[in-house]
Amino acid sequence: MEKTFLMVKPDGVQRNLIGEIVSRFEQKGFQLVGAKLMNVSRELAEEHYAEHKERPFFGELVDFITSGPVFAMVWQGNNVISTARSMMGKTNPADAASGTIRGDFATSVGMNIIHGSDSLESAEREINLWFGEGEVLSYEKTI
Ligand code: CMP
């Protein structure tokens, strides 16, 4: 089953949006298989955002993501990678449609509430980067 890495960024945590965001993915029908509230080291932030290393905003990006706890998650389901991206909305909240997470809750491209993997390759890379063995579960409904 397809899996993706999603992260509520420090702005989403501090604005008490974890519940709202988790609820949207639960109601869509995806399954939460990994989650943790954590502080992010500079090393992890730089590795996570390595593809943006040459961008002028790289330092700002790393400063922001290490500025307070994030809520890191792994979600599972049919086409979860692309569907989660649609539910998040465009990277720049100014372009994100109403009804999407960024469209409903954000105004700034830097503080855009949530990160989600953009491809199968990045989902695998990011899940392995953020979650250790045994932290991603596999379970069937029993009730
Ligand atoms: P994210 O999906 O986490 O992946 C890379 C992040 O870079 C992106 O969300 C934005 O939050 C951030 N970003 C993109 N463009 C800019 C910018 N011009 N200034 C600051 N941050 C940016």
Side-chain angles (χ1 to χ4, degrees), residues 1-139 141:
M1 184 70 82
E2 188 171 291
K3 292 185 179 65
T4 196
F5 171 73
L6 301 179
M7 167 177 53
V8 182
K9 298 183 182 185
D11 52 336
V13 172
Q14 289 170 37
R15 289 177 56 199
N16 296 326
L17 290 171
I18 293 175
E20 166 74 30
I21 290 168
V22 168
S23 181
R24 288 188 181 211
F25 291 107
E26 283 184 331
Q27 287 177 43
K28 180 69 178 171
F30 293 132
Q31 186 183 26
L32 183 63
V33 292
K36 52 186 171 183
L37 185 68
M38 59 185 281
N39 286 310
V40 184
S41 66
R42 284 197 85 78
E43 187 188 13
L44 175 57
E46 286 175 5
E47 181 67 30
H48 175 74
Y49 282 128
E51 67 177 298
H52 299 294
K53 208 168 181 169
E54 305 307 323
R55 304 274 189 103
F57 57 82
F58 182 70
E60 211 178 297
L61 195 54
V62 172
D63 286 348
F64 174 56
I65 217 70
T66 56
S67 67
V70 303
F71 191 62
M73 301 168 281
V74 180
W75 286 86
Q76 171 171 290
N78 289 330
N79 299 311
V80 68
I81 298 170
S82 63
T83 306
R85 295 274 299 183
S86 303
M87 291 169 66
M88 287 160 50
K90 295 259 173 66
T91 302
N92 187 344
D95 302 324
S98 293
T100 66
I101 292 166
R102 289 164 172 161
D104 289 351
F105 300 117
T107 58
S108 144
V109 69
M111 295 188 190
N112 62 356
I113 306 282
I114 185 166
H115 167 85
S117 308
D118 63 5
S119 66
L120 199 53
E121 295 69 37
S122 43
E124 281 173 10
R125 186 184 81 86
E126 291 169 3
I127 290 167
N128 289 327
L129 185 62
W130 288 82
F131 285 83
E133 223 172 286
E135 289 184 322
V136 179
L137 311 181
S138 176
Y139 60 97
K141 282 186 185 165

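For this chain, numbers begin at 1 and follow the sequence in order. Whatever order the structure lists ligands and atoms in, that order sets their numbers, starting from 1. Keep in mind that the numbers below use all heavy atoms, side chains included, and drop hydrogens, waters and symmetry copies. Since the model is a prediction, treat every value here as computed from it, not as a measurement.
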Asks: Can you tell if the side chain of Phe5 reaches within under 4.5 Å of the side chain of His48, non-hydrogen atoms only?
Replies: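 Side-chain contact under 4.5 Å: yes.
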
Asks: Pair Glu47, Arg125 - check side-chain contact (heavy atoms from CB on, under 4.5 Å), show working.
Replies: CA-CA 10 Å; Glu47 181 67 30; Arg125 186 184 81 86; 4.0 Å; yes

Asks: Please collect all salt bridge (Lys or Arg N to Asp or Glu O under 4.0 Å) contacts where either partner lies in residues 97-112, sequence neighbours excluded, each pair once.
Replies: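 Residue pairs passing salt bridge (Lys or Arg N to Asp or Glu O under 4.0 Å), neighbours aside: Arg24-Asp104.
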
Asks: Heavy atoms under 4.0 Å from ligand 1: which residues qualify?
Replies: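 For ligand 1, the residues that come within the 4.0 Å heavy-atom cutoff are Lys9, Tyr49, His52, Phe57, Glu60, Leu61, Thr91, Arg102, Val109, Gly110, Asn112, His115.
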
Asks: Run the side chain to side chain donor-acceptor pair (under 3.5 Å) test against Thr107 and tell me which residues pass, sequence neighbours left out.
Replies: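 Per chain and number, Thr107 pairs via side chain to side chain donor-acceptor pair (under 3.5 Å) with no residue.
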
Asks: Sort and list the pairs that fulfil ring pair (Phe, Tyr, Trp, His ring centres under 6.0 Å) and have at least one residue in residues 71-93, not counting sequence neighbours.
Replies: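 Applying ring pair (Phe, Tyr, Trp, His ring centres under 6.0 Å) to every pair that reaches into residues 71-93, excluding sequence neighbours, yields Phe25-Trp75.
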
Asks: How are the rings of His115 and Tyr49 set to each other: parallel, tilted or perpendicular (split at 30° and 60°)?
Replies: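 It falls in the perpendicular class, over 60°.
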
